[in-house]
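Fair warning: this is a prediction, and the values are worked out from it, not measured in the lab.
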Amino acid sequence: MKLLLKPLQFVYAIYASILFLGIMLLILPPIFLASLFGRIKGGNIIFYFLWFWSNSWFPLVGMRVKRIYKCEKNNEPCIYVVNHRSYLDAALAVGVMRLPFRPLGKIELKKVPLFGFIYKNSVVLVDRSNAKARSRSVREMMNTLKEGVSILIFPEGTTNETDKPLQPFHNGAFRIAIETQTPIQPVLYLDNGTRLPHSGFFKINPGRCRIVYLPPVPVKGLGMDDLPALKQQVFDIMEKELISWK
């Protein structure tokens, strides 16, 4: 049976990649025009095209997106803290997170042909090469929040390829939350690691993609001394919820 399914898996992966690139090429010209309107206004316009991209591609490849709310919907700027299991996470985020928002992204990816242009105009680039570059990224995140735009951060820093629900969190999201007094909104992507495993693109498969929105964690009044406790609090909330969905 597995031998019979392999050709179908290959055809599906090719189909999914052609659609992904096709929609990207379709929205590239208006994204170029939107980029002329500046980092905030232009970036917000770009995300509506990315929203179209995500909400077209997922249904067309047979991935059923389901939102599960364990909190009231909120229109205030926040810091989304999301678990990271798959390269699919970023593609899903632009379709399911409340606009406007900006994800953090590695600066190296802006060099990818075509995609790199969209990427550098739609994320807050993180350059970890030196302390000065890291400080510049933090300042941009803080300025973005002041403009009423939310930030999305994968606090694990990289895709989780272990058998544990979460990898240890980095400090960045929690430091920025405290410095800007911006609430943290934990969000879980439950199925992306199954839909597109880290073992390879040709393992991509159709099915459900569930998103769980957890209650916000307030940070008002907290100082830097509270950072370790805040980080552990959010980690515990997300880990417990992930385990409950297994």
Side-chain angles (χ1 to χ4, degrees), residues 23 27 30-31 34-35 37-59 63-105 118-126 140-156 169 172-174 176-192 195 208-220 230 234 237-238 241-242 245:
I23 300 171
I27 65 174
I31 282 179
S35 69
F37 288 89
R39 185 179 62 85
I40 296 298
K41 184 178 180 180
N44 290 346
I45 296 171
I46 285 170
F47 262 86
Y48 285 101
F49 289 105
L50 296 179
W51 178 91
F52 167 79
W53 181 10
S54 179
N55 283 280
S56 299
W57 185 78
F58 276 87
M63 294 187 188
R64 305 181 307 278
V65 176
K66 181 179 180 181
R67 298 169 175 84
I68 301 166
Y69 290 92
K70 292 203 164 187
C71 61
E72 294 183 2
K73 297 180 181 180
N74 191 349
N75 292 323
E76 295 301 315
C78 65
I79 295 177
Y80 292 113
V81 173
V82 188
N83 64 311
H84 198 10
R85 272 285 179 182
S86 169
Y87 287 114
L88 203 61
D89 295 343
L92 182 65
V94 295
V96 301
M97 310 307 283
R98 179 187 58 80
L99 299 177
F101 82 96
R102 299 289 188 280
L104 260 65
I118 299 175
Y119 182 80
K120 72 180 182 180
N121 283 286
S122 57
V123 307
V124 176
L125 294 174
V126 178
E140 185 178 348
M141 281 185 272
M142 294 174 71
N143 290 335
T144 300
L145 286 165
K146 289 176 183 177
E147 293 284 350
V149 178
S150 297
I151 294 290
L152 185 146
I153 299 176
F154 297 113
E156 295 165 280
F169 285 174
F174 310 98
I176 294 164
I178 291 171
E179 288 182 351
T180 60
Q181 293 292 282
T182 303
I184 292 171
Q185 172 81 66
V187 181
L188 304 177
Y189 296 163
L190 298 181
D191 306 298
N192 287 359
R195 298 284 75 78
R208 64 184 181 182
C209 292
R210 293 168 296 171
I211 306 99
V212 182
Y213 302 86
L214 301 176
V217 178
V219 300
K220 189 173 182 179
L230 175 64
V234 176
I237 289 170
M238 293 175 68
E241 189 69 25
L242 281 168
W245 285 95

Measuring from [X]:[atom1] to [Y]:[atom2], what's the distance to the nearest 0.5 Å?
| X | Y | atom1 | atom2 | result |
| --- | --- | --- | --- | --- |
| L104 | I176 | CG | CD1 | 6.5 Å |
| I46 | I27 | CD1 | CD1 | 9.5 Å |
| I184 | C78 | CD1 | SG | 10.0 Å |
| H84 | E156 | NE2 | CD | 8.0 Å |
| L242 | M238 | CG | CE | 6.5 Å |
| S56 | I23 | OG | CD1 | 5.0 Å |

State, with a plain yes or no, whether a side-chain heavy atom of [X] is found less than 4.5 Å away from one of [Y].
| X | Y | answer |
| --- | --- | --- |
| R210 | W245 | yes |
| Q185 | C71 | yes |
| P100 | F47 | no |
| L92 | I211 | yes |
| F154 | D89 | yes |
| V187 | V81 | no |
| V82 | I153 | no |
| R208 | M63 | no |

Testing the basics here: between [X] and [Y], what is the closest heavy-atom pair and its distance to 0.1 Å?
| X | Y | value |
| --- | --- | --- |
| P215 | P186 | O-CD, 3.4 Å |
| L152 | A93 | CD1-CB, 4.0 Å |
| E241 | L188 | CG-CD1, 3.3 Å |
| P77 | T182 | O-CG2, 3.8 Å |

List the steps and the verdict of side chain to side chain contact (heavy atoms under 4.5 Å, CB included) for W51 and V94. CA-CA 5 Å; W51 178 91; V94 295; 5.9 Å; no

Can you check side chain to side chain contact (heavy atoms under 4.5 Å, CB included) on R64 and C209, steps first, answer last? CA-CA 6 Å; R64 305 181 307 278; C209 292; over 6 Å; no

Before you tell me yes or no, could you show the steps for S150 and I79 under side chain to side chain contact (heavy atoms under 4.5 Å, CB included), namely the whole-Å CA-CA distance, both residues' side-chain angles and the distance that decides it to 0.1 Å? CA-CA 6 Å; S150 297; I79 295 177; over 6 Å; no

Without swapping roles, check the side chain of R98 against the backbone of E76 for a donor-acceptor pair under 3.5 Å.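 At least one qualifying donor-acceptor pair exists.
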
Quick one: does T180's side chain have a donor or acceptor within less than 3.5 Å of a partner on M142's backbone?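 Side chain of T180 to backbone of M142, a donor-acceptor pair under 3.5 Å: no, none is there.
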
Is it the case that N44 and R39 place a side-chain donor and acceptor less than 3.5 Å from each other?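 Judged by distance alone, the side chains do not pair up.
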
Using 30° and 60° as the class boundaries, would you call the ring planes of Y80 and F101 parallel, tilted or perpendicular?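 Taking F101 first and then Y80, their aromatic rings stand perpendicular (interplane angle over 60°).
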
Do R102 and E140 pass the salt bridge (charged side-chain N to carboxylate O under 4.0 Å, His left out) test, and can you show the C-alpha distance, the side-chain angles, and the key distance before you say yes or no? CA-CA 11 Å; R102 299 289 188 280; E140 185 178 348; over 6 Å; no

Run the side chain to side chain contact (heavy atoms under 4.5 Å, CB included) check on Y189 and N83 step by step: do they pass? CA-CA 7 Å; Y189 296 163; N83 64 311; 4.0 Å; yes

When you look at OH of Y69, are more than 12 heavy atoms from neighbouring residues, nucleotides or ligands closer to it than 6.0 Å?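 Result for OH/Y69: enclosed.
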
